[in-house]
Amino acid sequence: MRFATWNVNSVRARTDRLLAWLQRSEVDVVALQETKSTDATFPATALSALGYETAHHGVSQWNGVAIVSRVGLDDVQRGFAGQPAFGAPDTTPAVEARALGATCGGVRIWSLYVPHGRAVGDPHYDYKLAWLEALRTDAAGWLAADPQARIALTGDFNIAPTDADVYDVAAFEGHTHITAPERAAFRALDDAGYRDVVRPFTDAPRTYTYWDYQQLRFQKNRGMRIDFALCSPALATAVTGARIDRDERKGKGASDHAPVIVEIDS
DNA sequence: ATGGTAGGCCTCCTA
């Protein structure tokens with residue numbers, strides 16, 4: 001079985017690329033983030049024509065997460081228990097469309113779009129840390145309930161866990177994605193039993209999953225590794241390979257993130 | 001030279 005995670009940065013702007021990529025990469029399941037769609041505008045029909053079932057969670061033009069599968073799609077859950085809400089000042093906080101779970105081919109797949117944080121000290125940064133802590137608490141509970149569960153926490157974590165995961169750590173001094181609290185929150189997921197299964201197969205220097213559209217960052221390979229597949233122990237032992245589909249970042253109309261693909265036994 | 005790109009409900013917000 002082959003599953004993937006990909007921040008598509010608008011699924012409607014990239015439907016043709018998504019369909020072509022599915023046919024080329026032959027993934028069985030892909031978790032999408034930043035669909036920037038509502039359930040009504042998600043291109044479920046076009047994906048169905050390729051043989052994929054879909055679940056989508058989107059409530060506005062922002063955020064939005066989906067799971068696309070040709071190996072079953074059961075027990076869909078929108079959001080996780082304790083997922084924090086966020087709202088601009090003087091508005092009612094809302095739980096955003098940033099988490100979607102479904103069981104596909106015997107694996108509990110989570111499509112996660114961790115809040116960006118915007119700037120250190122911004123309310124959105126505190127929201128990011130609270131969101132990650134709530135995720136850790138819930139995800140630790142899933143494993144406590146069933147230590148043999150095959151669970152994958154996949155998506156855009158908006159954290160570069162080590163200095164090697166950014167093209168120039170000095171350029172990020174004082175910015176989000178590299179701060180100690182964010183990195184501690186990421187490590188806490190590992191401590192809870194969820195292992196980054198992609199890095200062992202993609203550990204060459206300057207290996208990234210995201211490149212900003214500006215300043216020829218992709219052409220200069222000035223990127224960040226911020227998209228991950230964190231797997232429970234029982235799932236991690238089944239992993240036989242992983243890769244970052246850097247080619248999908250090339251050319252006109254690419255997302256600013258590359259898909260991350262994991263191969264498992266069975 | 002303090003910019004630049006790309007998405008969205010598009011002259012502002014989000015990333």
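- Across all strands, A:R217 comes closer than 4.0 Å to no nucleic acid atom at all (heavy-atom distances).
- For the pair A:K220 NZ and B:dT5 C1', the computed distance is 14 Å after rounding to whole Å.
- Projected onto DNA chain B by closest heavy-atom contact, A:R14 and A:D156 fall at different nucleotides, the more 5' of which corresponds to A:R14.
- In the set B:dA15, B:dC13, B:dC9, B:dC9 carries the atom at the smallest distance from any side-chain atom of A:Q61.
- The interatomic distance linking A:H116 (NE2) with B:dC13 (C1') rounds to 13 Å, in whole Å.
- Rounded to whole angstrom, the span from the CG atom of A:N7 across to the C1' atom of B:dG7 amounts to 11 Å.
- Across B:dG4 and B:dC9, the matching C1' atoms stand 26 Å from one another, rounded to whole Å.
- We find that CD of A:E96 is positioned 11 Å from C1' of B:dT14, with the value rounded to whole Å.
- The interatomic distance linking A:E34 (CD) with B:dT14 (C1') rounds to 8 Å, in whole Å.
- Using a distance-only test at 3.5 Å, with no hydrogens or angles considered, no donor-acceptor pair links the side chain of A:S111 to the main chain of A:L100.
- Between B:dC10 and B:dA15, the two C1' atoms lie 15 Å apart (nearest whole Å).
- When distances are taken from the side chain of A:Y213 to each of B:dT5, B:dC13, B:dA15, the shortest belongs to B:dT5.
- Nucleotides B:dT2 and B:dG7, compared at atom C1', are 24 Å apart to the nearest Å.
- Of the candidate nucleotides B:dC9, B:dG4, B:dG7, B:dG7 has the atom lying nearest to any side-chain atom of A:A13.
- Centroid-to-centroid, the aromatic rings of A:Y113 and A:W131 stay 6.0 Å apart or farther.
- Under a hydrophobic clustering in which Ile, Leu, Val, Met, Phe, Trp and Tyr are joined whenever their side-chain heavy atoms come within less than 4.5 Å, directly or via other members, A:F201 and A:I261 fall into different clusters.
- Closest to the A:S60 side chain, of the nucleotides B:dA15, B:dG7, B:dC9, is B:dC9.
- Salt-bridge annotation for A:D156 and A:R98: absent, with no side-chain N of the basic residue lying under 4.0 Å from a carboxylate O of the acidic one.
- Note on A:F42 and A:Y52: same hydrophobic cluster, where clusters join Ile, Leu, Val, Met, Phe, Trp and Tyr whose side-chain heavy atoms are under 4.5 Å apart, directly or indirectly.
- Going from atom CD of A:Q215 over to atom C1' of B:dA6 covers 14 Å, rounded to whole Å.
- Taking for each of A:H257 and A:V59 the nucleotide of DNA chain B with the nearest heavy atom, the 5'-most of the two is the partner of A:V59.
- Taking atom OH of residue A:Y127 and atom P of nucleotide B:dT14, one finds them 13 Å apart after rounding to whole Å.
- Distances were taken from every side-chain heavy atom of A:K36 (C-beta onward) to each of B:dG7, B:dC9, B:dT14; the shortest belongs to B:dG7.
- Straight-line distance from the CH2 atom of A:W62 to the C1' atom of B:dG8: 4 Å, rounded to whole Å.
- Between A:R12 and the phosphate of B:dG8, there is no side-chain N or O to OP1/OP2 separation shorter than 4.0 Å.
- A side chain to side chain donor-acceptor pair (under 3.5 Å) with A:R225 holds for exactly one of A:T162, A:T202, A:D196; it is A:T202.
- Here A:Y210 lies out of heavy-atom contact (under 4.0 Å) with every strand.
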